[in-house]
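Below is one structure, written out as structure tokens; comments come after it.
Note: hydrogens, waters and symmetry copies are ignored here, and every other heavy atom, side chains too, is used. Just so you know, ligand 1 is whichever comes first in the structure, and atom 1 is the first atom listed for that ligand.
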Amino acid sequence: MGSINIKSICCIGAGYVGGPTMAVIADNCPEIKITIVDLNKERIVLWNSNDLNKIPVFEPGLKEIIKKVRNKNLFFSTDVPNAISNADMIFISVNTPTKTKGIGAGRASDISWVEACTRQVAEYAIGETIVVEKSTIPVKTAEAIRSILMSCSKEDDQTKTSFSVLSNPEFLAEGTAINDLQNPDRILIGGDDQGSIDALKNIYLNWVPENQVITTNLWSSELSKLIANAFLAQRISSINSISALCEVTGANIEEVKKAIGLDSRIGSKFLNAGPGFGGSCFKKDLLNLTYLCEHFGLPEVSKYWEQVISINNWQQYRIYKTVINKLFGNVNKKKIVILGFSFKSDTNDTRESPAILICKNLLNEGANLFIHDPKVKKSQVEFELRNVGIDNNLNWIFTEKLEGIFDNADAILVLTEWGIYKEINWKSVNKVLRNPSWLFDTRRIIDPDIVNDYEFNFWQVGRGNDL
Ligand code: UDX
Ligand code: ADP
């Protein structure tokens, strides 16, 4: 394709990636008309809601941008065919969960949604169309997209179409998505058609410095996304494994973290010990990576990365076990307050949240859970717990308010590092707990010196203080 000036974009998938990404592009490129489409009618209704608190993705700064650009150059719709027909460029931003059935079940990504929407693109696109894969996908998906598009290309003169496929992985982290999109470390574009690469690059150059836009071949781009997430996840499993060692040796993970992070080769970011990583990407991408390595005859490499997932599962299990052990091996009918259900703070996303398995295990031991989260909905908690076999809500309740939640509690377990938990007045909480009681801080948000004088017992991940 020659030089292309993009005037109209369609984004398929109005989720955590598509919504914020298109909002930021719309804000920076007022001359481009962007339509985000989704099969999920309810989701589109919420994106179009007058009450901006109802938009389906909670992300700091997002609703302000939506207010500015919605119905000016950013539109939300369920009319997928029309949006595809009118677009010069189409972003595929649909979900790609881990397969639950068939070959590669539990490891490979299910790309049926990508395939379904690619077929729609093939059917409805008109003229020269650039297709950009944005979803987190297995390596070589772009090739599959290209094959489907080529085999479905229309030949008659009136509707002559041609496609080029680019990979443009998303590196935003939830909770900081707007800042990550506005000030990215880098933009990665994979492809082989220079005209299409330049068209996409020109969009980003509206706000990203040119030296931060890098181009590669399709496969390097797809693989780089998997590897970036694998390396990040590996850091968390590394620090979490050492948190356990700190607890038994009397070291303090915070001090170890500082000491190693000052080595510029290691760096200080992404070294917070916690309940294990969650979110829609890390586990899925690691599973994908291990599957890919095995497929290409590299079982040793596969096993190496598998260990990052094992440590993450173990960390969640270890935290649950610690709670049980400290409460004399018995939590039956004991009141445990769970602070935070989202997989990290500043997001309402609960996918793969460590809270899910920790709550499941505690519920199976007979505990009464009082679950709090400032942004997650009760229906979401219900959904996640049902998915792991907890199908009644007899012994857990969900609340969006902290008032009264600590009364007569046997234990409090901080699972998400929400800012409001850092403001809790532990002196007053101290008065209403049942004795002896425990405060478990898996996110290290509480200053041990502050709670030292209170009657409850205190445990923090990675802090070997009770030798
Ligand atoms: C991640 C990548 O960061 C992002 O680049 C990619 O596009 C998508 O996947 P996300 O999953 O949204 O983003 O959030 P991230 O901030 O990476 O956190 C992932 C998990 O790791 C969370 O559960 C978080 O609590 C945990 N984490 C993160 C730690 O336990 N310790 C840390 O130091 C950092
Ligand atoms: P992500 O975190 O990758 O953005 P989400 O699950 O939040 O994932 O969003 C993906 C969205 O894609 C969902 O809202 C889903 O309804 C939508 N979707 C999936 N397949 C299609 C399709 N063929 N056409 C339109 N939308 C689709």
Tell me, which protein residue and heavy-atom name are nearest [atom], and how many Å apart are they?
atom: atom 18 (O) of ligand 1; result: Lys344 CD, 4.0 Å
atom: atom 20 (N) of ligand 2; result: Trp113 CD1, 3.3 Å
atom: atom 2 (O) of ligand 2; result: Arg351 NH2, 2.9 Å
atom: atom 9 (O) of ligand 2; result: Gly15 CA, 3.3 Å
atom: atom 26 (N) of ligand 2; result: Leu39 N, 3.3 Å
atom: atom 33 (O) of ligand 1; result: Asn272 N, 2.8 Å
atom: atom 11 (O) of ligand 1; result: Phe343 CE1, 3.6 Å
atom: atom 12 (O) of ligand 1; result: Glu174 N, 2.7 Å
atom: atom 27 (N) of ligand 1; result: Ile236 CD1, 3.4 Å
atom: atom 11 (C) of ligand 2; result: Asp38 OD2, 3.5 Å
atom: atom 7 (O) of ligand 1; result: Leu172 O, 2.9 Å
atom: atom 19 (C) of ligand 2; result: Asn95 OD1, 3.2 Å
atom: atom 5 (O) of ligand 1; result: Phe171 O, 2.7 Å
atom: atom 3 (O) of ligand 2; result: Val17 CG2, 3.8 Å
atom: atom 18 (N) of ligand 2; result: Val94 CG1, 3.7 Å
atom: atom 1 (C) of ligand 1; result: Phe282 CE2, 3.4 Å

>> With a 6.0 Å cut-off (strictly less than), is the heavy-atom count around NZ of Lys344, excluding the residue itself, greater than 12?
In response: yes
> Is it the case that more than 12 heavy atoms not belonging to Leu262 sit under 6.0 Å from its CG atom?
Replying inline: yes
> Mind checking whether Ser93 has a heavy atom under 4.0 Å from ligand 2?
Replying inline: yes
>> Between Lys201 and Glu210, does any side-chain N to carboxylate O distance fall below 4.0 Å?
In response: yes
> When you check the gap from the basic side-chain N to the acidic O, do Lys258 and Glu255 get nearer than 4.0 Å?
Replying inline: no
> Looking at Phe75, is Lys33 sitting on its ring face, NZ or CZ under 6.0 Å from the six-membered ring centre and within 45 degrees of the normal?
Replying inline: yes
Ignoring hydrogens and angles, state whether a donor on the side chain of [X] or [Y] is under 3.5 Å from an acceptor on the partner side chain.
X: Ser8; Y: Asn86; result: no
X: Arg186; Y: Ser224; result: no
X: Ser77; Y: Asp79; result: no
X: Asn95; Y: Tyr16; result: no

>> Heavy atom to atom 8 (C) of ligand 1, shortest distance: which of Ser280, Ala228, Cys281 holds it?
In response: Cys281
>> I want to check something: taking the side chain as every heavy atom from C-beta on, are Trp47 and Arg70 in contact at a cut-off of under 4.5 Å?
In response: no
> Can you tell me if Lys284 uses its side chain to pair, donor with acceptor, with the backbone of Thr96 under 3.5 Å?
Replying inline: yes
Could a heavy atom of [X] be found less than 4.0 Å from some atom of ligand 1?
X: Lys225; answer: yes
X: Arg443; answer: yes
X: Ala173; answer: yes

>> What verdict does the ring pair (Phe, Tyr, Trp, His ring centres under 6.0 Å) test give for Trp305 and Phe231, after you've listed the backbone C-alpha separation in whole Å, the side-chain angles of each residue and the deciding distance to 0.1 Å?
In response: CA-CA 9 Å; Trp305 289 105; Phe231 269 59; 5.7 Å; yes
